Every structure is written in structure tokens, then in C-alpha cells.
Amino acid sequence: MAGLAESGSNPDVDLLYDINGLAKDAPLWFDRTMEYVGEYGLLLAMVLLVVGCWWSVRRRGGAEAASSVAALVWVPLAAALAVLVNVPIRGFVKRPRPFLDHQGLEVLVSGKTDFSFVSDHAAITMAMGVALFVANRRFGLVGIGLALFEGFCRVYMGVHYPTDVVGGFALGTAVALLLSPLAMALLTPLLRAVEGSAWGGWLVSARGARAGRDEAGAGRGAEEPASAEERDLAA
């Protein structure tokens, strides 16, 4: 990989200059926006997307609520594992950042001193997008779209080669898919136990939360049908 970084006549470097060259022609406010979006904004958007999917699953409830929420719990865990797996990969490849080997790049973020391959941001967002797709296709497609845009932003900002991004996408996808069965086997029973508890049922299902409040004697609307049923039995 280091050989690619040293050469200026290969598709990886050519595409880097083509995409990063857009930053030179863009107005300053647009570059500052891309800097924030690529560094923080898309990660925040992914978190909000997961929360939105959880809220939708929780409101719908049903018999599959626990397994659906378990799949959503796997989303941030997959991202964290992708970062951990990337630590030895970066240490082994030791590819410098592109702006260290190539002149004339428009670098929008300073202070990047770690290695370039693979991109943490690309790995995190793609792991989240793919894991979210496993949980919910509609939300997952949006997440994968955000991950692809994240990869574009990292090259636009001049902090990664295109192959760094592709490697991050591959790593995130592999972690999210290959470890998903094990994660679901461990998380689903845990979330079912939470769903059946009086204190945590609301985290899994709105209906489960109402059932938990009925058992605890709370919730006026849920108590009235119970009282009516008692009167029927007494009659």
C-alpha cells in the first residue's frame, strides 16, 4: 500500500486528486460544511438514524420486538468492533496520510498523524449501515447511503486515499455480517429478558411497557379493563 502512496501515476492517486480538487474550486463555506459533515455530522446522523429505527420498532411492538431491538443493539457494537479490528491492520500496513506524500492537496482537517489505511470513519459508518440493513432494510438503505457519502467526504477532505475508504467499507461490512449471527444469539435472549421486566420493557416494546405497568399497578388506562374483567368474573 505504501507503494501506491509514493506513486503519482496510479488510479488511486489520480482519483484522490480529482475528488480533492473539488475542494479547491468550492467556496470556503462549502469546504467548512464538508469538513464538519465528514468529521462529525454523518456519524451523528447515523446515531439519529439508529435511534429513529429503534423508536419505530418499539412503537410497533409484537412478538419480534426483542429480536429487532437486539439487531439494533448490534449496530453500535459492530462499529466498535470494526474500529478494534482496524487497529492491527493500520499498524501492519503503516500507510501514511496522502498529504504527507503528495503535494498540492487541499487538506480540510489538520492534526491527522495516524496511519491512513483503512479509514476508521468509513469502517464505522459502513458497519452501522450494514448492521442496520440487517435489522431494517428501509433504514439500512439510508444508512448505507450515508456511509458512501462519508467515504466521499474523507477523500474530498484530503485525509484518505480512495482505497482507504474502500478498505473501510469492506472491513465494516465483514464485521457487521460475519459476526451478526453470534451477536444475535447472545443479544436476543438478553433483550427478551429486558422486555419481560417491569423496569425495562419500554426499551423493547411500547406494548411491553404497558404490560409491565399493568403488573406494577400503574397506568390508569390499563387498569380500567382489568377492573371490568374482575367485575365480569365476580358476576
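Quantities reported herein were computed from a predicted structural model and do not represent experimental measurements.
A side-chain donor from one of His102 and Tyr161 sits under 3.5 Å from a side-chain acceptor of the other. Between the side chains of Asp12 and Thr163, at least one donor N or O lies within less than 3.5 Å of an accepting N or O.
Side-chain atoms of Thr173 do not come within 3.5 Å of backbone N or O of Ala170 as any donor-acceptor pair.
Note that CG of Leu171 is 9.0 Å distant from CG of Asp120, once rounded to the nearest 0.5 Å. Between the SG atom of Cys153 and the CG atom of Leu148 there is a distance of 11.0 Å, given to the nearest 0.5 Å. Once rounded to the nearest 0.5 Å, the distance linking CG of Leu22 with CG of Asp31 reads 9.5 Å.
Annotation: side chain of Phe149 is not in contact with side chain of Thr125 (no heavy-atom distance under 4.5 Å). With a 4.5 Å cut-off on side-chain heavy atoms, Leu49 and Val142 count as touching. Side-chain contact between Ser205 and Arg58 is absent, with no heavy-atom pair separated by less than 4.5 Å. The closest side-chain heavy-atom distance from Val73 to Trp54 is not below 4.5 Å. Here the side chains of Ile89 and Phe117 are in contact, with some heavy-atom distance below 4.5 Å. In this structure, the side chains of Val165 and Phe152 stay at 4.5 Å or more apart for every pair of heavy atoms. Within the 4.5 Å cutoff, the side chain of Val107 has no heavy atoms near those of the Met157 side chain. A heavy-atom distance below 4.5 Å is not found between the side chains of Leu186 and Trp74.
Following chains of ILVMFWY side-chain contacts shorter than 4.5 Å, one cannot reach Phe133 starting from Leu48, and the two form parts of different hydrophobic clusters. Hydrophobic clustering, with ILVMFWY side chains joined whenever heavy atoms are under 4.5 angstrom apart, groups Leu15 together with Tyr17. Neither Met184 nor Leu191 shares a network with the other; the hydrophobic side chains, linked directly or stepwise wherever heavy atoms of I, L, V, M, F, W or Y lie under 4.5 Å apart, form separate groups for each. Put simply, Val69 and Leu182 are part of two different groups of oily side chains (I, L, V, M, F, W, Y) that touch within less than 4.5 Å, one to the next. Neither Phe92 nor Val166 shares a network with the other; the hydrophobic side chains, linked directly or stepwise wherever heavy atoms of I, L, V, M, F, W or Y lie under 4.5 Å apart, form separate groups for each.
When every heavy atom of Ala176 is checked against every heavy atom of Ala131, the shortest pair comes out as CB-N, 3.9 Å. The minimum heavy-atom distance between Ser68 and Val57, with the atom names listed, is CB-CG1, 3.5 Å. Between Pro96 and Lys94, the closest heavy-atom pair is CD-O, 3.4 Å. Here the shortest heavy-atom pairing between Pro98 and Ser116 reads CD-OG, 3.8 Å. When all heavy atoms are compared, the tightest approach of Leu132 to Val75 is N-CG2, 3.7 Å. Taking both residues in full, the closest heavy atoms of Ser180 and Val134 are given as OG-CG1, 4.1 Å, listed atom of the first, atom of the second, then distance.
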_Between Leu179 and Leu77, does the side-chain contact (heavy atoms from CB on, under 4.5 Å) criterion hold? Intermediate values first, please._
CA-CA 10 Å; Leu179 297 181; Leu77 294 179; over 6 Å; no
*side-chain contact (heavy atoms from CB on, under 4.5 Å) between Asp164 and Val118: does it pass, once the steps are laid out?*
CA-CA 5 Å; Asp164 297 338; Val118 298; 5.6 Å; no
*Decide side-chain contact (heavy atoms from CB on, under 4.5 Å) for Asn86 and Val83; before the verdict, give the C-alpha distance in whole Å, the side-chain angles of both, and the deciding distance to 0.1 Å.*
CA-CA 5 Å; Asn86 192 28; Val83 172; 5.6 Å; no
*Given Tyr156 and Glu106, is the side-chain contact (heavy atoms from CB on, under 4.5 Å) satisfied, shown in steps?*
CA-CA 8 Å; Tyr156 182 95; Glu106 187 76 12; over 6 Å; no
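Applying the side chain to side chain donor-acceptor pair (under 3.5 Å) rule to Ser67 yields the partners Glu64; only residues at least two apart in sequence or on another chain are considered. Every residue two or more places apart in sequence or in another chain was checked for a salt bridge (Lys or Arg N to Asp or Glu O under 4.0 Å) with Lys24, and none qualifies. In terms of the side chain to side chain donor-acceptor pair (under 3.5 Å) criterion, Asn20 has no residue partners (sequence neighbours excluded). Asp114 meets the salt bridge (Lys or Arg N to Asp or Glu O under 4.0 Å) test with Arg90, Arg97; sequence neighbours excluded.
The salt bridge (charged side-chain N to carboxylate O under 4.0 Å, His left out) pairs that include a residue from residues 33-52 are Arg32-Glu35, Glu39-Lys112, Glu39-Arg154, where partners are two or more places apart or lie in different chains. For residues 129-142, no pair satisfies side-chain hydrogen bond (donor to acceptor under 3.5 Å, both in side chains), with sequence neighbours left out.
Results of the side chain to side chain contact (heavy atoms under 4.5 Å, CB included) test with Ile124 over Met126, His121, Met128 single out Met128 as the only residue that passes.
Classified by interplanar angle (parallel below 30°, tilted 30° to 60°, perpendicular above 60°), the ring pair Tyr40/Tyr36 is tilted.
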